[in-house]
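The sequence lines fix the lettering, A, B, ..., with proteins before strands; numbering per chain opens at 1. Everything numeric in this text was worked out from a predicted model, so none of it was measured.
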2 protein chains.
Amino acid sequence: MGVTIKDIARKLGVSTTTVSLVLNNKPSRISPETRQAVLRAAAELNYHPNQIAVSMVTRRTGTIGLLLPDISNLYFSSLAKVIESECSALGYNVLYGNTNDSVENDFKYLELFLLGRAVDAVILTPSYQLGEEERVRFRSLVESSGIPVVTVDRRMQQMEVPCVCVDQELGGYLATKHLLSLGHRRIGCITAQPNVSGSAERLRGYRRALEEAGVSFDQALVVAGNYHVESGIQALPILLGQGVTAIFAANDMMAIGVLRECRRFHLRVPEDLSVVGFDDIFLAEFLEPPLTTVYQPLDDIGREAVRQVAEMLHGETGGERIISFKPSLRIRGSTMRWAGAQETAGK
Amino acid sequence: MGVTIKDIARKLGVSTTTVSLVLNNKPSRISPETRQAVLRAAAELNYHPNQIAVSMVTRRTGTIGLLLPDISNLYFSSLAKVIESECSALGYNVLYGNTNDSVENDFKYLELFLLGRAVDAVILTPSYQLGEEERVRFRSLVESSGIPVVTVDRRMQQMEVPCVCVDQELGGYLATKHLLSLGHRRIGCITAQPNVSGSAERLRGYRRALEEAGVSFDQALVVAGNYHVESGIQALPILLGQGVTAIFAANDMMAIGVLRECRRFHLRVPEDLSVVGFDDIFLAEFLEPPLTTVYQPLDDIGREAVRQVAEMLHGETGGERIISFKPSLRIRGSTMRWAGAQETAGK
DNA sequence: TTGTAGGCGTTATCAC
DNA sequence: GTGATAACGCCTACAA
């Protein structure tokens, strides 16, 4: 069960060296005859190299670890699709882990993959910003293993690891500015936990837009969600209680929650409430109303993450570089001019 | 770079056997002192077994291959999440491949995973029913590798492989019967390619419901999609041209396409057109209107697929068993009694 | 209770 | 041109 080069060698009366040389197209000048013979025998016996054995000696697995917080979030599953496809094109397989937005799971998989030398590199979306202690743990993990690690979508502060993402702050700014330009003044914001990278930046963008427009920031208009639909649902009544006329949700899932809950409250979107999301998951345009949201160039991000990994695999050094793409606003049906805008129109 | 049991053995002046025995908790009675010493040394040196080396000798990789047609389809990403989580609980990693509904890719990954002995087992959703030639290829691939293969969500006809799925025919039947019970008589059906397993069965259920209700089957009301949103969009005008009052889409993605296109046509759902989907992806209830659809017990399916695999890994034999779960109808807002129903009410 | 030695399948280093 | 032989890191009879 399992033809080996030994079998081929024996059958042909040559050494395993010869077989290996031929099968790997090594530039050692084997006579055309033996060459053909080996090739034919390999085909006849239906030989296929045992990748484990190959990995054993070459010290590379041909596998890249991919750690994502939640594959059932359309944003991440689309990202996974791009990354897997890019990896596949480079001859790499993807070992996948769902971290459920838990730092413990981040570490669980990281240790599994890095310490076990099960992968040649890792692409991950870290769950939270690490505390000092965890930072040490992470750093020693990465350094001692010597395995390239690249972060995608979210940054790891103070870590010497390349990060591929979007300019989150700008995204938050664009979303909020759009609402402001429509005359909204009381704009709610649903963020994720403050120590999730990305979330804080999006909030910063929100604040900057407000300040620029001379609208004072009100902490009561900011509620922390968790990037899941449910937290959008829960946030809505709180924000309505604050009299908001528009909501910026830090991702599309939460925006979907808001949309959904609005119907339960018989609130029309966008007539009664404008809603902006973030990510532009591909279902966003199919919602009712089609969701105005901040587009992330997913393909670029995924492609670039793999490119970064590939570079490091080819000896390029890591280090804390940030490759940042520009997000852009996709205006659709979930936002409109605030009916009461005339009052403040003169501003 | 990489502490080995040799390092530990050397440091302690014992043999690698001793170290291995201790570290693997083997029932060979090592003296408590050496035992402790080994454990301590391993911790101090930060030892972690090289999984490749372990795999080399144990002949198991601790990895399960998962091949899915489209991870950006919410149904499959949710399934992947369940499967990964179950595998993880059993100590298995998941090597993931996106096949894009192409048989060629099915084989590409299957060969990569099976022939390279990169996985201990494979769970896959086959792209299409295989032709005779492909069937031979598949069978020899699976048999020669001796690696357990389990099919999920879709069957492979005439293949000696366990399949975990839902009673597709029943699902199609329930969906259609629901529409019939609401008075609809011209019911369109959007299927996938006829040779995609599951699709054909769902269509059969549709026919059975029609026959049972004494409504004659009309081929013109059946249009073939591809399980993507776009094909729902394309199918709608065709079906409207046939004067349908309701549509059964063979999955939720296509149903979403229908919903979306209805808005462009200023058609109200469900007042002007009832729509039923299939899968009950978790966004279904968040759509507008919330989608009536056929629920698949995703968790059960994923869990059972992994259980099947685990059994085969433990020596249970494979064979063509079908583990079928019952789907159920989730009635939500996208269906209602047909306004013209009274005409045929007496029927 | 512990050590020796062989082997897993492949690649790599030298000789010949 | 080709072939021994030694790794790679670990496990496991079998010996001692």
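Among D/dC10, C/dG9, D/dT5, the nucleotide with an atom closest to any side-chain atom of B/Y47 is D/dC10. Relative to the side chain of A/T18, the nucleotides D/dC11, D/dG3, C/dG9 differ in distance, and D/dG3 lies closest. For B/I30, the listed nucleotide lying nearest its side chain is C/dT2; candidates were C/dT11, D/dC10, C/dT2.
For A/N24 and C/dT11, the shortest distance from a side-chain N or O to OP1 or OP2 is below 4.0 Å. For D/dC11, one of the phosphate oxygens OP1 or OP2 lies less than 4.0 angstrom from a side-chain nitrogen or oxygen of B/S20. For D/dT12, the OP1/OP2 oxygens have a side-chain nitrogen or oxygen of B/K26 closer than 4.0 Å. Not one side-chain nitrogen or oxygen of B/S15 sits closer than 4.0 Å to the OP1 or OP2 atom of C/dT4. The phosphate of D/dC8 (OP1 or OP2) has no side-chain N or O of A/R117 nearer than 4.0 angstrom.
Side-chain atoms of B/N24 come within 3.5 Å of backbone atoms of B/S20 as a donor-acceptor pair (strictly under, hydrogens ignored).
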Report the C-alpha separation of B/Y96 and A/L95 in whole Å, then their side-chain angles, then the decisive distance to 0.1 Å, and conclude whether the side chain to side chain contact (heavy atoms under 4.5 Å, CB included) test is met.
CA-CA 6 Å; B/Y96 157 70; A/L95 200 55; over 6 Å; no
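The CG atom of A/L21 sits 15 Å away from the P atom of C/dC14 (whole-angstrom rounding).
Residue A/T61 forms a side chain to side chain contact (heavy atoms under 4.5 Å, CB included) with just one option from A/T58, A/I64, A/T63, and that option is A/T63.
The pair B/E320-B/R155 counts as a salt bridge, with a side-chain nitrogen and a carboxylate oxygen less than 4.0 angstrom apart.
Taking 3.5 Å as the limit, the base of C/dT4 and the side chain of B/T17 contain a donor-acceptor pair of atoms between them.
Backbone-only engagement by A/G13 is indicated by non-hydrogen atom pairs under 4.0 Å involving sugar-phosphate atoms exclusively. Across all strands shown, A/S31 has heavy atoms under 4.0 Å from sugar-phosphate atoms exclusively, and none from any base. Within 4.0 Å (heavy atoms only), A/S55 reaches no atom of the nucleic acid at all.
In terms of position along DNA chain C, the nucleotide closest to B/V14 lies nearer the 5' end than the nucleotide closest to the other residue of the pair A/V57 and B/V14. Of the two residues contacting DNA chain D, namely B/L23 and A/T34, the nearest-nucleotide position lying further toward the 5' end is that of A/T34.
Using a 4.5 Å heavy-atom threshold, the side chains of A/V152 and A/C165 count as separate.
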